[in-house]
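As structure tokens, the structure follows; a few thoughts come after it.
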Amino acid sequence: MPHWHQAVELTYVYRGTPGEVHIGSSTFAMQAHHLYVINSEVVHSFESVLDENNQVATLLLPAVWLRNLVDSDQLPVWGPLDLDLTTAPYRDLQTVVQALVASAQAKSTARSQYLIDLGMAYRLVGELIKNLTVNGQILNDQRPLPHPLRQAVNEIQENYASSVSIADLAEKLSYSSVYFSRYFKAYMGISPKAYLGQVRLERATELLMTSQESIQEIARQTGFRTEKNFFVTFKQRFDMTPKTYRERYAARQDWQG
């Protein structure tokens with residue numbers, strides 16, 4: 001689902017070809033051993049299938065920590081966005097990323113490993129600064145989400161379970177409904193109504209996999225008018241019923257964790 005962080009996100013594909021990543025208005029087909037750089041507050045989303053043969057690791061570099069580390073009043077702008085770590089310029093960066101991924105998989109609680117990882121985190125930022133454009137020209141795909149749209153997204157995420165009026169939301173932000181929908185879609189890649197639907201479906205999938213609530217109750221909790229409406233919408237999106245989704249994916253939570 002389209003979202004953003006107060007952090008630079010690095011998504012590393014360490015196995016397979018899991019799908020696509022959308023960064024701003026650009027789309028990249030994710031490939032093994034590629035690193036995708038997503039700047040702080042930039043909208044991004046994934047269309048991917050993760051399983052034993054298609055896996056990614058996500059590293060988040062907090063904005064405050066980065067600002068202190070690089071001694072800058074503004075968070076650096078990183079580019080390019082798609083790095084093939086098997087190529088000569090990025091071999092050292094690949095070494096660092098793979099070491100951090102291996103450590104995350106090992107889940108060691110030893111103090112020595114913590115210090116090693118901390119050193120690797122500093123080295124990671126050093127490699128990014130050495131190899132990428134920092135504080136350069138800001139491209140469209142590196143522009144943070146404007147404040148009015150952050151407010152709109154927050155409203156939708158907080159109130160998705162109730163009856164959300166896109167017209168009322170536009171009026172609250174002093175926009176016409178038509179302009180607001182176009183403005184929202186230009187940054188988020190989908191209309192506000194479609195985004196609301198995605199939020200509801202995402203919350204529904206979480207409940208299907210992690211709770212014992214009935215499907216009727218999950219439909220009610222996630223803002224669908226009726227169980228039938230939930231069933232039809234869910235099947236259109238996932239090509240299976242909520243019951244089948246629960247049966248197929250609830251048992252895989254241990255693997256995904």
Side-chain angles (χ1 to χ4, degrees), residues 1-63 66 75-108 113 116-117 119-134 139-142 188-190 198 202 205-206 209 237-239 248-249 252-257:
M1 194 171 64
H3 63 286
W4 72 95
H5 313 283
Q6 293 285 341
V8 171
E9 178 174 331
L10 305 175
T11 296
Y12 176 62
V13 181
Y14 63 91
R15 185 175 301 158
T17 53
E20 294 181 337
V21 54
H22 306 283
I23 306 173
S25 60
S26 292
T27 297
F28 302 95
M30 292 191 286
Q31 302 178 56
H33 309 301
H34 279 233
L35 183 73
Y36 300 92
V37 182
I38 303 164
N39 289 288
S40 177
E41 301 182 17
V42 170
V43 175
H44 57 285
S45 62
F46 298 88
E47 292 184 60
S48 59
V49 175
L50 301 180
D51 54 29
E52 290 82 355
N53 298 315
N54 298 280
Q55 298 189 6
V56 303
T58 297
L59 308 173
L60 292 176
L61 307 179
L66 271 175
L75 193 65
V77 175
W78 312 101
L81 306 181
D82 178 3
L83 311 178
D84 181 355
L85 298 191
T86 65
T87 58
Y90 305 123
R91 293 278 170 75
D92 290 340
L93 181 57
Q94 182 183 38
T95 299
V96 178
V97 170
Q98 288 181 334
L100 288 169
V101 170
S103 176
Q105 291 176 314
K107 299 181 180 179
S108 171
Q113 188 60 51
I116 291 170
D117 291 344
M120 283 292 180
Y122 279 85
R123 184 179 171 190
L124 174 65
V125 176
E127 290 295 335
L128 290 172
I129 292 174
K130 181 175 74 174
N131 289 290
L132 307 183
T133 300
V134 180
L139 305 175
N140 286 338
D141 293 332
Q142 298 167 320
M188 300 295 289
I190 58 174
Q198 283 199 9
E202 182 180 80
T205 60
E206 291 173 0
M209 291 190 293
R237 174 65 178 84
F238 296 104
D239 198 30
R248 180 174 298 181
Y249 294 112
R252 299 173 62 187
Q253 289 308 291
D254 289 343
W255 172 82
Q256 290 181 337

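In this text, all values refer to a predicted model and were calculated from it rather than measured experimentally. FYI, the numbering just counts along the sequence from 1. Every heavy atom of this structure was used, including side-chain atoms; hydrogens, water molecules and symmetry mates were not.
H34 and Y12 form no side-chain donor-acceptor contact under 3.5 Å, judged by distance and modelled atom types alone. A donor atom on one side chain and an acceptor atom on the other are found under 3.5 Å apart for Q105 and Y14.
Screening residues 93-103 for salt bridge (charged side-chain N to carboxylate O under 4.0 Å, His left out) gives no qualifying pairs among residues at least two apart or on separate chains. Counting only residues at least two apart or in different chains, salt bridge (charged side-chain N to carboxylate O under 4.0 Å, His left out) contacts with residues 12-34 are absent.
Taking the side chain to side chain contact (heavy atoms under 4.5 Å, CB included) definition, one finds that R123 meets it with D92, V96, M120, E127, sequence neighbours left out. Not a single salt bridge (Lys or Arg N to Asp or Glu O under 4.0 Å) links D117 to another residue, sequence neighbours left out. Considering only residues two or more places apart in sequence or on other chains, F238 meets the side chain to side chain contact (heavy atoms under 4.5 Å, CB included) condition with L201, T205, F234, M240, Y245.
For L132 against P80, the heavy-atom pair with the smallest separation is CD2-CD, 3.8 Å.
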Which donor-acceptor pairs under 3.5 Å do the side chains of residues 41-48 make with protein atoms, sequence neighbours left out?
residue: E41; atom: OE1; partner: R150; partner atom: NH1; Å: 3.3
residue: E41; atom: OE1; partner: R150; partner atom: NH2; Å: 2.4
residue: E41; atom: OE2; partner: Q6; partner atom: NE2; Å: 3.1
residue: H44; atom: ND1; partner: H3; partner atom: O; Å: 3.2
residue: H44; atom: ND1; partner: V42; partner atom: O; Å: 2.9
residue: H44; atom: NE2; partner: H3; partner atom: NE2; Å: 3.1
residue: H44; atom: NE2; partner: H5; partner atom: NE2; Å: 3.4
residue: H44; atom: NE2; partner: E9; partner atom: OE1; Å: 2.9
residue: E47; atom: OE2; partner: H22; partner atom: NE2; Å: 2.7

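Distance check, rounded to the nearest 0.5 Å: OH of Y90 to CG of D84 gives 9.0 Å. L124 CG to T95 OG1: the interatomic distance, rounded to the nearest 0.5 Å, is 12.0 Å. Here the OG1 atom belonging to T11 is positioned 8.0 Å from the CG atom belonging to L60, to the nearest 0.5 angstrom. To the nearest 0.5 angstrom, N131 atom CG is 10.5 Å from W78 atom CH2.
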For V56 and L50: C-alpha separation, side-chain torsions, deciding distance, then whether side-chain contact (heavy atoms from CB on, under 4.5 Å) applies.
CA-CA 8 Å; V56 303; L50 301 180; 4.3 Å; yes
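Using a 4.5 Å cut-off on side-chain heavy atoms (C-beta onward), L66 and L61 make contact. Proximity of V37 to L10: side-chain heavy atoms (C-beta onward) are separated by under 4.5 Å at one or more points.
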